[in-house]
Amino acid sequence: MAMTMEREREKRGLNKKEMASLCEITSPYYLQILDGSANPSLQVITRISTNLKIPLQALMMGQKSEVKVD
């Protein structure tokens with residue numbers, strides 16, 4: 001999931017702090033999700049997938065997004 005989050009975040013030109021804010025979580029918590037030390041709730045994972053504009057399944061399974069960013 002972390003690799004997908006980072007790949008999609010970078011595609012959208014967001015830094016980690018901006019992404020955390022967009023998902024309504026703290027930057028340290030976002031970093032913990034990335035390093036695997038946090039166990040995010042379904043609500044948080046849903047907010048991440050929504051803000052990255054990728055299906056929840058694609059986020060969870062590490063699939064590449066078909067979404068083009070303008």
(Q) Here's a test for you: under side chain to side chain contact (heavy atoms under 4.5 Å, CB included), which of Glu10, Met5, Arg12 qualifies with Glu8? (A)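 Single pass found, and it is Arg12.
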Q. Does a side-chain heavy-atom distance below 4.5 Å link Met19 with Leu52?
A.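 Heavy-atom side-chain distance check passes, below 4.5 Å.
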(Q) How close do Asn51 and Leu22 get, counting heavy atoms only, and between which atoms? (A)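 Closest pair (atom of Asn51, atom of Leu22, distance): ND2-O, 3.3 Å.
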Distance from [X] atom [atom1] to [Y] atom [atom2], nearest 0.5 Å?
X: Ile48; Y: Gln43; atom1: CD1; atom2: CD; value: 11.0 Å
X: Thr4; Y: Leu59; atom1: OG1; atom2: CG; value: 6.0 Å
X: Ser49; Y: Gln57; atom1: OG; atom2: CD; value: 11.5 Å

For [X], give me all partners under side-chain contact (heavy atoms from CB on, under 4.5 Å), at least two apart in sequence or on another chain.
X: Glu24; value: Arg47
X: Ser27; value: Lys17, Ala20
X: Thr50; value: Thr46

Q: Indicate yes or no for a side-chain donor-acceptor contact from Glu18 to the backbone of Asn15 under 3.5 Å, with no hydrogens or angles considered.
A: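 Answer holds: yes.
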Q) According to a 4.5 Å side-chain heavy-atom criterion applied to Ile, Leu, Val, Met, Phe, Trp and Tyr, with indirect links allowed, do Met3 and Ile54 form part of one hydrophobic cluster? A)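 Cluster IDs for Met3 and Ile54 differ.
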Between side-chain atoms of residues 28-35 and protein atoms elsewhere (two or more places apart, or another chain), which donor-acceptor pairs fall under 3.5 Å?
{"residue": "Tyr30", "atom": "OH", "partner": "Glu6", "partner atom": "OE2", "Å": "3.2"}
{"residue": "Asp35", "atom": "OD1", "partner": "Ser37", "partner atom": "N", "Å": "2.9"}
{"residue": "Asp35", "atom": "OD1", "partner": "Ser37", "partner atom": "OG", "Å": "2.7"}

